[in-house]
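Protein chains get the first letters and strands the later ones, always in sequence-line order, with residue 1 at the start of each.
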Amino acid sequence: MNAALSAGRLGAILAKEFVQMRRDRITFAMMLVVPIVQLLLFGFAINNDPKGLPAAILALGQDRYTRAVVSALEVSGYYRFERRPESAAEAESLMARGAISFLVTIPSDFGTRVERADAPRILVEADATDPAASSGAVASLQTVANRALLRAQGLQAATKEQDEGSLSFVVHRRYNPEGITQYNIVPGLLGVILQMTMVMMTAMALTREIERGTMENLLAMPATASEIMLGKVLPYLAVGCVQVAVVLSAAKLLFGVPFLGGLALLLGSVLIFVLALVLLGYTISTVARTQLQAMQLTFFFFLPSLLLSGFMFPFAGMPGWAQSLGELFPLTHFLRVIRAIMLKGAGLDDVGREVFYLAVFVPAYAGLALMRFRSTLD
Amino acid sequence: MNTSENALVNAIDVRGLTKRFGTRTVVDNVDLSVAPGEIVGFLGPNGSGKTTTIRLICGLLTPDAGEGTVLGLDVRTQSAAIKRQVGYMTQRFSFYEDLTIEENLTFVARLYGLKPRAAAVARTLEGLGLSSRKDQLAGTLSGGWKQRLALAACIMHEPRLLLLDEPTAGVDPKARREFWDEIHRLAGDGLTVLVSTHYMDEAERCHRIGYIAYGRMLATGTVDEVVSGSGLVTFVVHGSLKPAQIREIAAADGVEQVAPFGTTLHVVGTDREKLEAALAPLAQQPDIKVEPGETSLEDVFIKFMTGAQDRAA
Ligand SMILES: Nc1ncnc2c1ncn2[C@@H]1O[C@H](COP(=O)(O)OP(=O)(O)OP(=O)(O)O)[C@@H](O)[C@H]1O
Ligand SMILES: [Mg+2]
């Protein structure tokens, strides 16, 4: 009888919540219409143009030309060449995980080809899941490298400009060769839409009971804190699943976004994310006293998470403090996971770490909510 | 604690109960004992702390001071167990207005794990006479019917203690009569009832009453005990009096309350001799008759209220 979780009582709350959800037609309609409206609005409207993306150089040769190009690129300031992978395989995995947006590979015969004026080439691989970011950056990369090379050869840029044997860049747009913006936006939108509706709805969970005066009665009856919490968030988990189905279908049918990774991993991660969101909303509702407050708190949370998660602007382009702050939002981790899975075909090996971070939010929010929950009216 | 011991223990036995909101002491050192099967009326002016005291008893508020037992369980530490055996009817209707009558009852039945559930719900609907309206949204019920639904819902799980916070506010006289008959029937079966009310006639239907003002329990006992304990003396003046005469009496030494009732005037005071002296000139007049009357509970409460106010000021 005294158990923290009884199926019977939990069932009671679940049934009651479903009935109330069904009866609140406006809210119910909003939950289905809002995702579609937002999807169309943001999906077509949002574009971005970032600077300072993380990049890596894979320099296979040790000659002076290679060194000149490398150091020129490093000091250029356009990019952050933070990593020097040892091998092609290491570089490849950095990109799949999303640790770098660019990989510049300087072949081992680069130096000899420069001396022989035998069409030296540099390979640039760009993570084109964010096409706006990659296209602008590639162009400036070319200018910097060219200038550095000419200086190393002791030549003036102007005289050697259109030469036969001059440096050429081979650019590979990885994951999204046609550079379609929607590929990047739409999976992100899934996260944003879910966050918006799930958090807002569950943030009202307790405040609605308080405002309608039903909380006093509920608390006077033998329902435990965890039963009330689960009873209130699980129905919205179900709504979230419907939303996921709607948005993913739209992504496929309307925008033709690729689904490279495994569906099970994708849905599993989404489920964890939605669970974290409904618990976050519930946590907000244990803090707020009124529905209005709950609403305000939700927006309070919503805006920064939108700006700092990498949805609006590339995460890597943000200053360090903003990145640290961004790590605190479930959306940040979800975006990395879903983009990696959908666009790069990443598996559990690649995104396991991020999925784990995402999962940490679930017990964290649940614990916080249970701690904050007041089973008295004090 | 075994059951035979439980039966001897008071259903409510709290001492020194105190609750503060901020710096305001809303319930101040309240002692209350209620024997099993007893119906205790809880009276007091608005804002005197009745609802707060009831919430303290059923564990919805944590006392700042005080201790005691409810149904033999510690009021401070065992509120989860207390909740399971207590039926609490809130002052404000607090069932779900967007659920139907039946859905509300089903919700309660499931939370308490009543079995068989459908039968329990059907029985309650039957008892309410609402079987035919079971699909009506609770929010669309009239005020009086909401009260009846709430009462029915909070006795569904057969609690041992019933805490009713102004259960008959806004209920018509016939329904009120039925309501009190039901309360007495339940008490006859051993249920203990603590009921707050503003109605004097309801107070008189209780075995005992407690009177609270400004958070302090000023009197407890049977109605007769409370009335005699007040030390008030009442005289009834028959005959038509001019307003000036009434003002004169009210201002006289020893007269504490003057209340016209139809063609009579109730004059109340503590000191019998002073009161008689004040009324002596009237008694001389031919068309006016002065005789000793019965002090009513209302007179007593008004005295309490004025007294408590003076102390609070
Ligand atoms: N949560 C609260 N926070 C602050 N003050 C409160 C709170 N609850 C009650 N009070 C105050 O405590 C006092 C007693 O309130 P309570 O509701 O117990 O009175 P009551 O005797 O039930 O009155 P009524 O007859 O009007 O129902 C009131 O002055 C009220 O304003
Ligand atoms: Mg009250």
Side chain to side chain contact (heavy atoms under 4.5 Å, CB included) between B/Leu111 and A/Ile13, intermediate numbers included: CA-CA 8 Å; B/Leu111 270 187; A/Ile13 298 176; 4.2 Å; yes
Heavy-atom closest pair, residues A/Pro222 and B/Arg84: CB-NE, 3.9 Å
Trace of the side chain to side chain donor-acceptor pair (under 3.5 Å) decision for A/Asn217 with B/Thr90: CA-CA 7 Å; A/Asn217 204 2; B/Thr90 55; 5.5 Å; no
Toward chain B, the part of A/Glu227 with a non-hydrogen atom under 4.5 Å: neither
From CZ (A/Arg374) to CG (B/Leu60), nearest 0.5 Å: 13.5 Å
Whether A/Asp378 side chain and B/Leu61 backbone form a donor-acceptor pair below 3.5 Å: no
Student check: side-chain heavy atoms of B/Phe107 and A/Leu218 closer than 4.5 Å: yes
Closest non-hydrogen atom pair between A/Ala220 and B/Tyr112, with its separation: O-OH, 4.0 Å
Partner chain B: residue of A/Thr214, A/Leu219, A/Val19, A/Thr376 with the largest heavy-atom pair count (under 4.5 Å): A/Thr214
Heavy-atom closest pair, residues A/Ala15 and B/Arg110: CB-NH1, 3.2 Å
Top of B/Gly59, B/Ala109, B/Ser94 for chain A proximity - count of heavy-atom pairs under 4.5 angstrom: B/Ser94
Audit row: A/Glu216, B/Arg55, salt bridge (Lys or Arg N to Asp or Glu O under 4.0 Å) steps and yes/no: CA-CA 9 Å; A/Glu216 184 175 5; B/Arg55 284 175 176 165; 2.8 Å; yes
B/Gln136 CD: over 12 foreign heavy atoms closer than 6.0 Å: yes
N/O donor-acceptor pair under 3.5 Å between A/Arg212 side chain and B/Glu97 backbone: no
Inter-residue atom distance B/Lys83.NZ - A/Met221.CE, 0.5 Å rounding: 10.5 Å
Under 4.5 Å from any heavy atom of chain A - which part of B/Leu137: side chain
More than 12 heavy atoms from other groups under 6.0 Å of CZ on A/Phe356: no
